[in-house]
Amino acid sequence: MRFAIVVFPGTWSDRDCSHAITDDLGEEAAYVWHRERDLSGFDAVVLPGGFSYGDYLRCGAIARFSPVMEAVVEFAKAGKPVIGICNGFQVLCEAGLLPGVLMRNADLRFHCEDVYLRTENANTAFTNALMPGSVIRLPISHGEGNYYADAATLDALEASGRVAFRYCDAEGGVTAAANPNGSARNIAGVLNEAGNVLGMMPHPERLTEPVLGGVDGLAIFRSMVQLAATKAP
Amino acid sequence: MAVATKTFLARVEVTLKLTVNDPQGNTVKGALASLGFDGVSAVRVGKHMEIRLTAEGAAEAERRVEEMCRQLLANPVIEQYRFTIESAEG
Amino acid sequence: MAVATKTFLARVEVTLKLTVNDPQGNTVKGALASLGFDGVSAVRVGKHMEIRLTAEGAAEAERRVEEMCRQLLANPVIEQYRFTIESAEG
Amino acid sequence: MPVDQRTLDEVALSRAEYERIIDLLDREPNPVELGLFGALWSEHCGYKNSRPLLKRFPSQGPRVLTTVGAENAGAVDIGDGLAVVFKMESHNHPSAVEPYQGAATGVGGIVRDIFAMGARPIAILDALRFGRLDDARQRYLFENVVGGIGGYGNCLGIPTVGGEVQFDDAYAGNPLVNALCVGIISTDGLLSARASGTGNPFMLVGADTGRDGIHGASGLASRTDPTARFEEMRPAVQVGNPFLEKLLMEACLELAQHREWFVGLQDLGAAGLTSSAIECAYRGGTGLDIDVALVPRREQGMTPYEVMLSESQERMLVIAHKQHEADVRALFERWELHCVTIGHVTDDGMATIRDGETLAARVPIPLLAEAPTYTREPVASPDMARRQGLDLAAPEDTGDTEGDLLRLLASPNVASRRWIYRQYDHQVGTNTVILPGQADAAVLRVRDTGRGIAIATDGNGRLVALDPFEGGKIAIAEAARNVVCVGAEPVACTDCLNYGNPERPEVYYQLSRSIDGMAEAARTLGTPVISGNVSLYNESGGTSIHPTPIIGVLGVLEDVERRCTMAFRQAGDVAYLLGTPPSGDAAGLAGSEYRSLNGEELGGRPRIDLALESRLQGATLAGIRAGLIRSAHDCSDGGLAVTLAECCIASGLGLDAP
């Protein structure tokens, strides 16, 4: 399976994602500079973490106008999997591919720590390798991960199973104490209507090897590979 | 005959919609209270932008700044904007 | 006889001093250009704060907001500020 | 017309130095030339008071690949054809003026030194000192320095993996902000910072030039009492742009793949273009001809003096090969960065600075680069002898040891640093295998080699104040001990020497004697000093800070899986105290946190036995490598009780200590 890893000026998880996909998952990955417009030949697109354009004005506000984003929107419209991680999630929201906004963390501080996530919907392109309701542990590293959307949007997301992950405690309890940034209803990851676009704040590419402390992150990338396998002609 | 363009200064205020929680505003309000400023009932923090641009007239400048706000400077999901235009010939 | 206090709204603009470079402003300027807004010669990005406070009169409100800016709202080393006061009785 | 004292103060030159310049030039320097001398003969760039002393450090060793001072940073061979480049630098004075931007630009500067060697930066550490936190100003400085380091480092995508902080009244008027950066590169990829080849172009890349930090080098870190001069320095504070630095870093690392396109790469740091261009030409034994009119500017009406001395951030100097000038420019433009030729290398050994048609300065480069050095008479301060003589009666049992331990654990100098490192991205790059808070040093795996590197910083100003010689030895020993405790072999170190005004005999004594101590420990423990920085004139209101050498030690793990942390591993394991048993005499209490917590005066005579220390570290490392030792922790601030408590807290296990 070929993954396109988009690189905006200021992106810095591109290499981490490439290592996770190639070394740890054994799939193919290639970097796509933000000025390029052609994503043909790729089976999935990754918008990695980073500070695109220095996070100036708003996280992802400028990156979303990069030439490559037109191709990403077409790629998503064609139903192919697109995953936005941290800054990538912010870019997807600014581009309108996902609803809502990532605002500044409620305590106004940058957070780099491990969090627990409860898998809210296990049959999606990105979570089919996980058991429903299973709890995984992934690192977060952001200053603006406070997910916001109006009540109607939140209700629609929940009703249609488009909340992929919620911040929870080790036992899976969705509590205020387990919410690192003030996100509405502890939401840590959401999907688009068709279910082929996922935005999540935690970094799966940072936990794909035992030496790093665990492999929970692999399940998300593996889900993408497994889905592609089932769909292949 | 080249069109004479004038220089304008736009002052743009981008603030969070009232329905949206503003942790930064609350923090500043708390800090003001701890410094002894009583009587402060609310604080909201947003972005202030100054844009120097050339245009044929104020109306055109206004139209372009409106478009800048709509496309880039404000995120309609959570933000609202207002701006003033003044001549910057001086 | 309790002194009748009125409510005021202060709009404070805190911007970087002109002698200090403004990476954020430069980046927004570049983004506007790449979106086809030509004629933009400079952009500066700063903070906008709205403060609702009660005071006996506009002069006192002004004095207090000036003090707030001096003590907390602006970093005198690299920032400058200006503000307007308007009645917020309505 | 001889120059008045005010002008000399502005460029931080003494009257004697001015006279010397006139002798050397055989004429009076013009204002621009005077500015060049002021910048390059400053303490910050010229190391006038410290260079003779720094020669005492051992700087060579089997793994060392660089000679001190010849490059932007030191490099050591870690095997598998790989080298680690590392260095530490201080940004104390700018951080006292504007803590967020001062600390941020400090990170930016040290990172540029690393990728100027062609190495990819893989880790940042910060060593910080402030006054006590019950003072609002110190909280403001502390909060904003941490914010600035995180703000800049996180944006660059380089993990901040460690460091340390201490709070002591001695630093109230003059905080310390030292940043260390580690990079990795193939041993044959190391770049040089030399300008050679007549006609080769000097190409300025990165940000535009503004009036940032004028007098940054010559004024801030030298001469008269810094606090008095802060007022006029204020406009000199710079705002960092980590986004542009990220592009500059990636562009320079791509350039480093095309060795045939360029001769040298150099960071613009203190004294900006002046020090970088002139040092490159000096190292290459060549001359330079630069036209300041070609330098892209951010402000109008800048004089040649201002352009040459500007310390605008995020700029690098490339000395390209004549025939590859266009290739270099195309590369930087692809990264959306300015890349402008501002002059070329000459063979006349002169620094020729033009402003369009007019000649602004013309000075022989060696005169500028070879600042005068001073050796002074070290005189121990009587106060030091008094403090050493204080009777440190063994603390009587308060009958509330539990309360004492809790008080120690709650002291800002001992308590958890999670509030700090939680604001730093310490995992980007997916190499960090021991995270902040888990052990005495950070450990990063070296991809595809099975190896690992460990890095820690340490420094105890109280002990060096009590006895500079013993304190100097302890500074190196403790930093090396931290690295051993994670299972790594210490191989080299870098330092940041933060001291007061060297023109005061007792400060010069502290500098001289502590360097002797550090040199001896570096020799005994096999950690040559391969790079570093000196920051003097750290004082306020006439009183100097504690003499605070911060040491950064690099260690190598042959097998990164053989690493260990401070957390107890399993119930039933036995805990041993290795090394000197807690003797009755009070050496162990000298300068201790316990005394400070009880409001007792700084006192006592710290002592260390380096031969025993060397055996202790050797045995500990062997035990960890053999798998006999499952966890290890250095017994330092707060003493044995705190050390054991920290091991319990880290593991959730208890300890039964009869």
Side-chain angles (χ1 to χ4, degrees), chain A residues 7-20 22-24 31 33-35 48-57 59 62-63 66 85-87 105 107-115 138-144 180 202-214 217, chain D residues 120-122 143 146-147 149-161 240-251 253 314 334-337 418-438 443-448 450 452 559-561 563:
Chain A
V7 183
F8 298 105
T11 293
W12 39 241
S13 276
D14 42 333
R15 278 190 310 283
D16 301 353
C17 291
S18 173
H19 284 303
T22 53
D23 303 344
D24 306 328
Y31 300 126
W33 181 239
H34 76 116
R35 289 208 178 285
F51 278 59
S52 57
Y53 289 94
D55 275 0
Y56 291 138
L57 185 62
C59 301
I62 300 171
S66 285
I85 299 168
C86 196
N87 190 227
N105 292 348
D107 68 355
L108 305 179
R109 296 220 186 289
F110 191 94
H111 283 250
C112 180
E113 60 205 348
D114 281 357
V115 291
L138 288 181
I140 59 170
S141 179
H142 59 251
E144 322 217 353
H203 287 264
E205 80 284 4
R206 292 187 177 190
L207 219 56
T208 55
E209 280 176 75
V211 75
L212 296 176
Chain D
R120 172 166 289 280
I122 56 169
E143 201 168 303
V146 168
I149 290 166
Y152 204 98
N154 297 346
C155 184
L156 282 186
I158 303 170
T160 300
V161 296
N241 183 350
F243 166 53
L244 195 140
E245 174 121 333
K246 165 69 172 169
L247 302 181
L248 190 59
M249 174 168 72
E250 297 302 334
L253 290 174
E314 294 95 25
R334 239 195 343 276
W335 283 97
E336 296 159 16
L337 292 167
R418 187 163 178 277
W419 184 85
I420 298 173
Y421 60 73
R422 197 173 73 153
Q423 297 182 57
Y424 300 149
D425 184 344
H426 37 263
Q427 292 161 302
V428 59
T430 56
N431 288 318
T432 318
V433 294
I434 288 190
L435 298 172
Q438 292 178 342
V443 173
L444 293 104
R445 54 94 179 266
V446 179
R447 234 179 250 283
D448 309 325
D559 175 0
V560 76
E561 294 304 337
R563 63 186 184 282

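- In this structure, Arg447(D) CZ and His19(A) NE2 are separated by 3.5 Å, a value rounded to the nearest 0.5 Å.
- Residue Thr208(A): no heavy atom, backbone or side chain, is found under 4.5 Å from chain D.
- Between the CZ atom of Arg109(A) and the CD atom of Glu143(D) there is a distance of 4.5 Å, given to the nearest 0.5 Å.
- Among residues two or more places apart in sequence or in another chain, the side chain to side chain contact (heavy atoms under 4.5 Å, CB included) test is passed with Cys155(D) by Phe51(A), Pro242(D).
- Heavy atoms of His142(A) lying under 4.5 Å from chain D are absent altogether.
- Nearest heavy-atom pair, Leu247(D) versus Pro9(A), reported as atom, atom and distance to 0.1 Å: CD2-CB, 3.7 Å.
- In this structure, the portion of Asp107(A) lying under 4.5 Å from any heavy atom of chain D is its side chain and not its backbone.
- For Arg206(A), the parts lying near chain D are the backbone and the side chain together; criterion is any non-hydrogen pair under 4.5 Å.
- Contact count versus chain A (heavy atoms, under 4.5 Å) is highest, among Arg422(D), Glu336(D), Lys246(D), for Arg422(D).
- Heavy-atom distances place no part of Glu245(D) under 4.5 Å from chain A, backbone and side chain included.
- Trp12(A) approaches Asp425(D) most closely through the heavy-atom pair CH2-OD2, 3.6 Å.
- Nearest heavy atom pair, residue Val211(A) against residue Val560(D), reads CG2-CG1, 4.5 Å.
- Here the CG-OG1 distance, from Asp24(A) to Thr430(D), works out to 8.0 Å after rounding to the nearest 0.5 Å.
- Here the straight-line distance linking atom CD of Gln423(D) with atom CG of Asn105(A) works out to 10.5 Å at 0.5 Å rounding.
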Derivation and outcome, side-chain contact (heavy atoms from CB on, under 4.5 Å), residues Asp114(A) and Gln427(D): CA-CA 11 Å; Asp114(A) 281 357; Gln427(D) 292 161 302; 4.0 Å; yes
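- Annotation: the span from Leu212(A) atom CG to Asn431(D) atom CG amounts to 8.0 Å, rounded to 0.5 Å.
- Chain D forms the most heavy-atom pairs under 4.5 Å with one residue out of Gly50(A), Pro139(A), Pro210(A), and that residue is Pro139(A).
- Residues passing the ring-ring contact (aromatic ring centres under 6.0 Å, His included) test with Tyr56(A): none are found, sequence neighbours excluded.
- At a 4.5 Å heavy-atom cutoff, the contact between Leu156(D) and chain A is made by backbone atoms alone.
- Classified by interplanar angle (parallel below 30°, tilted 30° to 60°, perpendicular above 60°), the ring pair Trp335(D)/Trp33(A) is perpendicular.
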